[in-house]
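Values below: every heavy atom of this structure, side chains too, minus hydrogens, waters and symmetry copies. This chain uses plain numbering: 1 for the first residue, then up along the sequence.
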Amino acid sequence: MTAGTDSVVGPGPRTATGRLVEDTVLGLRIGAMRAGGMALALRGDRVARLLHRPWRLDPYPVYAELRAAQLAGGPVRSRTGLTAVATHASVEAVLRDRQLGVRLSDGASRLGDGDGPSLMEPVDLSLLTLDPPDHTRLRRLAQPAFAPRRLAHYREVAERVTAELLDGALARGGPFDLVAELASPLPIKVISALLDVPDVDAGRFARWGLALGSSLDGVRSPPTCAS
């Protein structure tokens, strides 16, 4: 609504009931996406299988099937609405082709067939799912954080945290797992240091970071899942 001739009054804060309704709808949507994806996986859709157990626990046979299918008949169409390529040459070509993006030509993001919104459309607000100009606008906002002077500071923090992790592992004596003791906790600890997360909240922040980070990892091999 407008107030006077120039000012605009935006919507008020969400009520508790409104948040509950939105969260419930979002939960139902995610549940429907998972159920729809599993149904496609059970019917043999290779791309859908990469998103669901038990196939995602050992994805390499599915990768091999995708490569074989592509070599036999070109890019693999999935009922999820995705088209998959599975050879090094084809993946590199897709990534380097400026005519290709992460959204449709009209800016929409829709997975699946039909004219309406698909239940398989991901719930994702990541910068990685945007094309220009939105991607460019948001990247410009983040650009000051990657100025040379800031990067030099990040390096100092990363070196200090690395030294602390290695000193702690060595102080416990005996051999240690470099991945578990250094590679795995290092990114979250560096981010915590850069954001000045208090030590009392470091453990909780690390758990949240690992949970969110795993969503970007895609499928995982059995050794990674076991760890």
What pair of heavy atoms forms the shortest contact from [X] to [Y], and how long is it?
| X | Y | value |
| --- | --- | --- |
| Pro185 | Val179 | CD-O, 3.9 Å |
| Val161 | Leu186 | CG1-CD1, 3.8 Å |
| Ala48 | Gly37 | CB-O, 3.6 Å |
| Arg150 | Ala145 | CB-O, 3.6 Å |
| Ala86 | Ser90 | N-OG, 3.9 Å |
| Val47 | Ala84 | CG2-CB, 3.8 Å |

Inter-residue atom distance [X].[atom1] - [Y].[atom2], 0.5 Å rounding:
| X | Y | atom1 | atom2 | value |
| --- | --- | --- | --- | --- |
| Arg79 | Asp45 | CZ | CG | 8.0 Å |
| Met38 | Arg49 | CE | CZ | 10.0 Å |
| Asp167 | Thr162 | CG | OG1 | 10.5 Å |
| Asp58 | Tyr63 | CG | OH | 10.0 Å |
| Leu178 | Leu166 | CG | CG | 7.0 Å |
| Leu66 | Gln70 | CG | CD | 8.5 Å |

**Study point:** Salt-bridge criterion met for Arg160 and Glu164 (N-O under 4.0 Å)
**Key:**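 Answer for the salt bridge query: yes.
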Review point. Any Lys/Arg nitrogen of Glu181 or Arg172 sitting under 4.0 Å from an Asp/Glu carboxylate oxygen of the other?
Key: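 Salt bridge between Glu181 and Arg172, a charged N being under 4.0 Å from a carboxylate O: yes.
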Can you confirm whether [X] sits close enough to [Y] that some side-chain heavy atom of one is under 4.5 Å from a side-chain heavy atom of the other?
| X | Y | result |
| --- | --- | --- |
| Arg77 | Thr83 | yes |
| Leu20 | Thr17 | no |
| Leu151 | Arg155 | no |

Point to revise | Heavy-atom donor-acceptor pair, Tyr154 side chain to Leu194 backbone, under 3.5 Å | key: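 Absent.
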Practice item. Would you please test Leu28 and Val25 for side chain to side chain contact (heavy atoms under 4.5 Å, CB included) and show each step? Key: CA-CA 5 Å; Leu28 291 173; Val25 171; 5.6 Å; no
Practice item. Dump the intermediate steps for side chain to side chain contact (heavy atoms under 4.5 Å, CB included) on Leu170 and Phe176, then the final yes or no. Key: CA-CA 8 Å; Leu170 292 171; Phe176 61 90; 3.7 Å; yes
Same cluster or not: [X] versus [Y], using hydrophobic residues (I, L, V, M, F, W, Y) connected whenever any side-chain heavy atoms lie under 4.5 Å apart?
| X | Y | value |
| --- | --- | --- |
| Phe146 | Ile191 | no |
| Leu195 | Val190 | no |
| Ile188 | Leu182 | no |

